[in-house]
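I am attaching a structure below and will ask some questions about it afterwards.
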Amino acid sequence: MAASSNSSLSGSSVSSDPEDYQPPIWKSYLYQLQQEAPRPKRITCPQEMESRPKYYGREFHGLISRERADELLAGTEGAYLIRESQRQPGTYTLALRFGGQTLNYRLFYDGKHFVGEKRFESVHDLVTDGLITLYIETKAAEYIAKMTTNPIYQHLGYTSLLRDKITHRLNQTRSEPKKVTFQQDEKISPSPLSRRTIKDGPEKHCNYEKIHNFKVHTFRGPHWCEYCANFMWGLIAQGVRCSDCGLNVHKQCSKLVPSDCQPDLRRIKKVFSCDLTTLVKAHNSQRPMVLDMCIKEIEHRGLKSEGLYRVSGFTEHIEDVRLAFDRDGEKADISADMYPDINIIAGALKLYLRDLPIPVITYDVYSKFIQAAKITDPDSRLEAVHDGLLQLPPAHYETLRYLMTHLKRVTMYEKDNYMNSENLGIVFGPTLMRPPDLNTLTTLNDMRYQKLIVQLLIEHEDILF
């Protein structure tokens, strides 16, 4: 798997030049493995068992041997049942088929079901989580052992342009503890994982030595470790969260995170780098606020801007917009008075889309769109693209629909902005869709198909959506 970089935070324009290609920051390998993990299949007992405990269902088969359980589960990956132990009557065993063999676990219940540290509301959830863990740890044992060796923690929330300056400031602060004065035009917080902008003021005291208060946490929806950038797998207790600042990491990564907790960050909304579905559900909206607000601003004053979306805005100002959204949410000021250059707003929108952990065109349907682009017959190709759109999650579909409608309007001003559907396809292809394995060669080979897909979505948005 190709190593990820923090280039998705740089705010630079997407380029069609293969030499300029850099992979996104969030790593999808473990997410893909979770999607591929075997699904649980309950093997039910044909007759009613009088000795069945009330907290078990028809998967309870009573007092049967290991050999009989193995026969019942044979040939069905993910199959499971519960049996009473012959060696220790009154105790129960979960028999689970994985990797071509039957695994037996002592099963407990104290109001919740468990075989280890994790406790589940149902046996089905326990088995689902167990299959995910077994599959990932079998397929990616070496990868997991090495995933903390190239952390992206110190890069989050910063542009590569400013990173060296910030690192120098941090080192200077640690070696000589003193007050640090921030000028009014400073928009970057001194912490390596800051999600807020330092407010204008005379002098600030900086303390980087507060340890994080990590606690085991269950994440609703897909989450990525903010230390190693890898997916946090499982159904429950996928990792730990700092109760003071909200930092989310793997349990093993928490031992490596520096002592730089900033409790005030609990008040700050996270917009960029947040899973799209998670964000819109949290804000009870159809689409991400960044999309709505940036498009409104661009259509108000930028549709005739030459090279719209192709011309890069100033990176530091794009980062300012990012921090404004993370800090102020819907109250972020992106008006012409604050950012006269419309390319800054266009750059911030591209950065938001590029920074999504799961792209707008999700990993699950990526190959379907690439195959659709390879179809030569125009009608069949459009039909295949439409089928792919219908498989997108609702929030991703609505975001893509709204964006394509906007880009269609951009092409209506081609005489002024020189941006037709093909040009916009070059810009937005790699932004909206990425191959699951992050293989650089695959991505470079797919770029022309990515461009074509976006071009088709723009030209035919009225019939595809």
Side-chain angles (χ1 to χ4, degrees), residues 9-14 159 185 187 197 269 271-274 276 279-280 283-356 360 395-429 431-432 454-455 457-462 464-465:
L9 301 176
S10 65
S12 59
S13 178
V14 174
T159 65
D185 62 347
K187 298 296 182 181
T197 301
K269 297 178 289 291
V271 176
F272 278 66
S273 298
C274 181
L276 198 156
L279 182 69
V280 298
H283 289 273
N284 194 28
S285 60
Q286 284 186 304
R287 298 173 297 273
M289 67 182 74
V290 180
L291 190 78
D292 282 351
M293 293 175 64
C294 287
I295 286 179
K296 181 179 179 181
E297 195 67 26
I298 291 167
E299 294 196 351
H300 175 64
R301 59 185 173 97
L303 286 176
K304 295 183 178 182
S305 177
E306 183 176 339
L308 180 64
Y309 288 116
R310 187 182 68 238
V311 176
S312 298
F314 189 45
T315 303
E316 287 194 49
H317 291 169
I318 291 173
E319 183 67 15
D320 288 348
V321 175
R322 171 199 175 102
L323 292 171
F325 274 113
D326 279 343
R327 182 185 66 245
D328 303 325
E330 295 176 351
K331 296 181 181 179
D333 185 0
I334 59 172
S335 65
D337 292 338
M338 183 64 70
Y339 303 103
D341 182 4
I342 197 62
N343 295 312
I344 294 170
I345 307 304
L349 176 57
K350 289 189 296 180
L351 175 61
Y352 170 76
L353 296 170
R354 200 159 57 241
D355 209 22
L356 289 170
V360 175
H396 288 249
Y397 178 91
E398 173 58 20
T399 296
L400 189 61
R401 182 200 66 79
Y402 194 76
L403 178 63
M404 291 304 112
T405 302
H406 161 65
L407 294 181
K408 183 66 170 288
R409 283 195 286 269
V410 171
T411 63
M412 294 169 65
Y413 293 84
E414 180 187 349
K415 290 183 180 180
D416 299 297
N417 60 35
Y418 299 104
M419 294 301 290
N420 56 27
S421 59
E422 183 178 4
N423 293 335
L424 291 169
I426 293 172
V427 173
F428 280 94
T431 300
L432 297 175
V454 175
Q455 183 178 345
L457 291 174
I458 295 171
E459 293 175 354
H460 302 282
E461 60 84 23
D462 55 334
L464 287 173
F465 294 95

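Just the heavy atoms: all of them, side chains too, but no hydrogens, waters or symmetry mates, feed the values below.
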>> Tell me whether R287 forms a cation-pi arrangement with Y402, defined as NZ or CZ under 6.0 Å from the six-membered ring centre and within 45 degrees of its axis.
In response: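 So R287 does make the cation-pi contact.
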> Can you tell me if S335 and D337 form a side-chain donor-acceptor pair at under 3.5 Å?
Replying inline: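 The answer is no; no qualifying pair exists.
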> Distance from I318 atom CD1 to L349 atom CG, nearest 0.5 Å?
Replying inline: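 Spacing of CD1 (I318) from CG (L349) equals 10.5 Å.
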> Is there a side-chain contact between I298 and H406 (heavy atoms, below 4.5 Å)?
Replying inline: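 Touching, per the 4.5 Å side-chain cut-off.
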>> Is there a side-chain contact (heavy atoms from CB on, under 4.5 Å) between H396 and L276? Walk through the geometry before answering.
In response: CA-CA 7 Å; H396 288 249; L276 198 156; 3.9 Å; yes
>> Using only atom types and a distance under 3.5 Å, with no angle test, would you say the side chain of D341 pairs donor to acceptor with the backbone of G313?
In response: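 Not confirmed, D341 side chain does not pair with G313 backbone.
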> Minimum heavy-atom separation for G429 to V454, with atom names?
Replying inline: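 Scanning both residues, the minimum pair turns out to be CA-CG2, 3.7 Å.
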> When rounded to the nearest 0.5 angstrom, what distance separates CD1 in I345 from CE in M293?
Replying inline: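 Reported to 0.5 Å precision, the distance equals 9.0 Å.
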>> Within this structure, what is the OG1-CD1 distance for the pair T431 and I426, rounded to the nearest 0.5 Å?
In response: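 One finds 12.0 Å between OG1 of T431 and CD1 of I426.
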> How close do P288 and T399 get, heavy atom to heavy atom, and via which atoms?
Replying inline: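 The answer is CD-OG1, 3.3 Å.
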> How are the rings of F325 and F272 set to each other: parallel, tilted or perpendicular (split at 30° and 60°)?
Replying inline: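 Correct class here is tilted.
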> Got a second to check how far L353's CG is from F428's CZ, nearest 0.5 Å?
Replying inline: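 Spacing of CG (L353) from CZ (F428) equals 6.5 Å.
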> Mind checking whether V321 and Y339 have side chains closer than 4.5 Å, heavy atoms only?
Replying inline: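 SC-SC contact between V321 and Y339 confirmed.
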> Is the closest side-chain heavy-atom distance between N417 and S305 below 4.5 Å?
Replying inline: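 No, their side chains stay 4.5 Å or more apart.
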> Yes or no on side-chain contact (heavy atoms from CB on, under 4.5 Å) for N423 and Y309, after CA distance, side-chain angles and deciding distance?
Replying inline: CA-CA 9 Å; N423 293 335; Y309 288 116; over 6 Å; no
> Which heavy-atom pair separates N343 from L308 by the least distance, and what is that distance?
Replying inline: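 Looks like OD1-CA, 4.5 Å.
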> Quick one: does R301's side chain have a donor or acceptor within less than 3.5 Å of a partner on P340's backbone?
Replying inline: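 Answer holds: yes.
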> R322 and D326: side-chain contact (heavy atoms from CB on, under 4.5 Å), yes or no, with the steps?
Replying inline: CA-CA 6 Å; R322 171 199 175 102; D326 279 343; 4.2 Å; yes
>> Tell me which one of E459, K408, E414 satisfies side-chain hydrogen bond (donor to acceptor under 3.5 Å, both in side chains) with S421.
In response: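 Only match with S421 under side-chain hydrogen bond (donor to acceptor under 3.5 Å, both in side chains): E459.
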>> Walk me through whether L432 and M404 qualify under side-chain contact (heavy atoms from CB on, under 4.5 Å).
In response: CA-CA 11 Å; L432 297 175; M404 291 304 112; 3.7 Å; yes
> Roughly how far apart are L356 CG and L351 CG, rounded to 0.5 Å?
Replying inline: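 It is 10.0 Å, given to the nearest 0.5 Å.
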>> With rounding to the nearest 0.5 angstrom, report the CG to CZ distance, L424 to R310.
In response: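 Atom-to-atom, L424:CG and R310:CZ are 9.5 Å apart.
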